[in-house]
Amino acid sequence: MPDTAPPDTAPPDIATPDTATPDTATLATRTAADIRRDWIDRREVALLDAREEGPYSLAHPLFAVSVPLSRVELLAYDLLPRRDVPVTVYDNGEGYAEPAARRLQALGYRDVTLLEGWLAGWTAAGFEVYRDVNVPSKAFGEWVEHHRHTPSLSADEVKTLVDTGADLVILDARRYEEFQTMAIPGGTSVPGAELVKRVHDIAPDPRTLVVVNCAGRTRSIIGTQSLVNAGIPNRVAALRNGTIGWTLAGLELDRGRDGRFPAVSPEGDAKGREAARAVADRAGVGRIGPAALDAFRGDERRTLHLFDVRTPEEYEAGHLPGFRHAAGGQLVQATDEYVAVRGARIVLADDPAGGGGPRADMTASWLAQLGWEVHVLEGDVASLGIESGPDRRRLPPVPDAGAETVAPRDLLALLENGEAAVIDITRSPRYRAGHIPGAYFSTRARLGGTIARLPKGVRPVLTCWDGTLTRYAAADFPPGAVPLLLEGGTQGWVAAGLPLSAGLERLGPEPDDVYKRPYEGTDNSAAAMQGYIDWELELVDQLKRDGAHNFRII
């Protein structure tokens, strides 16, 4: 069990303003036992970790969701669409939880409590804590392999098959962007929910071996088992440990690949639809039409999430109103990035002409096994209409903090005259990639400490990449110290033709806002990659000790 001693982290040093705390009464608490009982009994409850993602990744309860104090407004409305859902917030004694709870109250959430005893109270009760991120999905993948003995091949075995000209295809189940970063030589990008829909066209000969890979283990396992569950005639195997296993075997990865899946044929699509529907029916997936969807939307007692599980390009071309985009493979891989309320109701859409489809069915089959109530929308959905454009975050109104904006070139003049200093509250990887020269990096929750480092007499100017978070952060400042906000954020600075600096500059405390995943990117150490694989392999035993997950395997 990971060590949960409070990290050496200063508490938030700009208090949430009075205008954002309509309820100043002492917040009630809920016990760890209460939360765990709700999980087991399938009652709706959200457990939110108010720390940054770094400390969250070191230790948290299984279904706790990362909603840092710094980003509450950016995340709440999408993750918590029902305002009276029970929400419990915790930290590890750093002082982030109560300000985060007050912000949630200011956003209209009416049942907000604190976890009694914080994270230490959870462990003191004898309950499991987990490290890393997207843990429910990763633990579930290991649970699936443990119970279904999902077939796999080592990197060396696959490389030998490739070198000897064996009849095989390698299908990469990750997002296309990840595939482009690094890929198995000869692989094709087929994100997880697309596998059953497209495999009949990609490998029409049943003698062709189908190898499914991801970066580590989870999407390889789920993708392979999807094809097994769908009953395709081909032999199927996961690439054991994905690109990590390939790298640890001393093999080279491709960079910048473009091998996307081909168009699906009517015959291939029909086979995928039939197979996926059978799997979803076995998993107990519900099926609803527009009338039932309206009833779900009107049910004020339940949290409802609506997701379109197709590709981003298809979603942008046209989708049903009110449906967020969540490519099916990623929704299974990172459910906690889309849904914070354990026990919520989920409805999936695929084909906007008829609602249902193999991607919705396969995604729903896995969500049902993960313990969610999930339905596929199908039938005559034409009456619902069609919208186009990318998915957009649902954001609360911006409080009126009296902050003024400054145009990029006007800011440049202020900086050249020594009259202003820029504080960048974007996420640290983006700051490292490029920021306004001389800008100070800060998480929003540590703004006070960053302001104290500024030269005397200068005006603070807030920026983030697109300017969204700064509009909320301005309300954190006390009266008389309201900052300027950069118009359009750092994007506006770039659009004005002004230069950026890259690397580490004026960081202050080492950033802990983003957990460095050892399965993404190309600069991970062998020790970090092997440690990650070892951790995943331990998850089954941890789930057995936990006993609160409600996973079931068909």
Side-chain angles (χ1 to χ4, degrees), residues 133-134 137-138 155 158-159 162 168-195 197-199 201-203 210-224 226 238-264 308-317 325-334 337-338 359 363 390-391 427-430 432-434 465-466 491 494 500 502 514-526 528-529 532:
V133 294
N134 307 136
S137 299
K138 294 173 182 177
V158 173
K159 183 65 163 59
V162 171
L168 84 164
V169 293
I170 300 173
L171 308 185
D172 193 312
R174 299 172 297 162
R175 296 171 297 173
Y176 182 59
E177 295 77 10
E178 295 178 78
F179 172 80
Q180 286 185 304
T181 300
M182 56 181 182
I184 305 301
T188 299
S189 174
V190 189
E194 306 290 335
L195 286 164
K197 178 181 177 70
R198 302 181 187 277
V199 70
D201 289 309
I202 296 172
V210 178
V211 177
V212 181
N213 81 274
C214 65
R217 292 178 54 82
T218 307
R219 286 172 286 185
S220 300
I221 294 169
I222 296 300
T224 300
S226 292
L239 172 59
R240 196 175 306 142
N241 304 330
T243 59
I244 287 180
W246 192 267
T247 302
L248 292 176
L251 303 174
E252 292 295 322
L253 294 167
D254 280 351
R255 318 287 185 195
R257 288 289 308 283
D258 187 24
R260 300 192 82 166
F261 55 73
V264 66
D308 183 317
V309 298
R310 299 172 298 152
T311 66
E313 295 83 2
E314 290 174 288
Y315 179 88
E316 290 187 23
H325 179 251
Q330 283 306 112
L331 183 55
V332 175
Q333 164 74 9
E337 294 182 13
Y338 298 92
R359 292 171 290 196
T363 303
D391 194 17
R427 306 195 83 181
S428 57
R430 189 178 286 279
R432 285 185 167 99
W465 179 244
D466 64 0
Q491 271 185 328
V494 173
L500 297 177
V514 175
Y515 161 60
K516 177 66 167 67
R517 291 139 172 85
Y519 45 87
E520 293 183 348
T522 59
D523 60 346
N524 299 305
S525 70
M529 291 188 288
Y532 175 77

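Predicted model only: the values in this text are computed from it and were never measured. Throughout, residue positions are numbered sequentially from 1 according to the sequence presented.
- A search for side chain to side chain donor-acceptor pair (under 3.5 Å) contacts involving R175 returns E178, not counting sequence neighbours.
- K138 contributes a side-chain N or O that, together with a main-chain N or O of V133, makes up a donor-acceptor pair within less than 3.5 Å.
- By the side chain to side chain donor-acceptor pair (under 3.5 Å) test, R217 is found to be paired with E142, E145, N241, residues two or more places apart in sequence or in another chain being considered.
- Checked against side chain to side chain donor-acceptor pair (under 3.5 Å), N134 has the following partners two or more places apart in sequence or in another chain: D336, E337.
- Taking the salt bridge (Lys or Arg N to Asp or Glu O under 4.0 Å) definition, one finds that R359 meets it with E194, E314, D350, sequence neighbours left out.
- No donor-acceptor pair closer than 3.5 Å links the side chain of T188 to the backbone N or O of F261.
- Residues I202 and P262 form a side-chain contact, since some pair of their non-hydrogen atoms from C-beta on lies under 4.5 Å apart.
- Applying the side-chain contact (heavy atoms from CB on, under 4.5 Å) test to A433 and every residue at least two apart in sequence or in another chain returns nothing.
- In this structure A526 satisfies the side-chain contact (heavy atoms from CB on, under 4.5 Å) test together with L248, sequence neighbours excluded.
- Of the inter-residue distances, the one linking N213 atom CG with R240 atom CZ reads 14.0 Å to the nearest 0.5 angstrom.
- Looking only at side-chain heavy atoms (C-beta outward), V210 and V212 come within less than 4.5 Å of each other.
- Shown here for A193 and T363, the closest heavy-atom pair between the two residues is CB-OG1, 3.7 Å.
- When all heavy atoms are compared, the tightest approach of A334 to S137 is N-OG, 3.8 Å.
- The side chain to side chain donor-acceptor pair (under 3.5 Å) pairs that include a residue from residues 325-334 are R219-Q330, where partners are two or more places apart or lie in different chains.
- With sequence neighbours excluded, the residues forming a side chain to side chain donor-acceptor pair (under 3.5 Å) with R260 are E313, listed by chain and number.
- Under the 4.5 Å side-chain criterion, counting only non-hydrogen atoms from C-beta, I184 is in contact with L239.
- A326 and Y338 get closest at one heavy-atom pair: CB-CE2, 3.6 Å.
- Expressed to the nearest 0.5 Å, how far CD of E316 lies from CG of D308 amounts to 11.0 Å.
- Listed here is the closest heavy atom pair of P429 and V514: CD-CG2, 3.6 Å.
- In this structure, the separation between OG1 on T243 and CE on M182 is 3.5 Å, given to the nearest 0.5 Å.
- When the salt bridge (Lys or Arg N to Asp or Glu O under 4.0 Å) test is applied to R257, the partners found at least two apart in sequence or on another chain are D254.
- Scanning all heavy atoms of the two residues, the minimum distance from S220 to C214 falls at OG-N, 2.7 Å.
- Residues passing the side-chain contact (heavy atoms from CB on, under 4.5 Å) test with Q491, sequence neighbours excluded: W465, D466.
- Contact of the L253 side chain with the T247 side chain is registered, since non-hydrogen atoms from C-beta on lie closer than 4.5 Å.
- Residues that satisfy the side-chain contact (heavy atoms from CB on, under 4.5 Å) test with S189, not counting sequence neighbours, are Y176, F179, P191.
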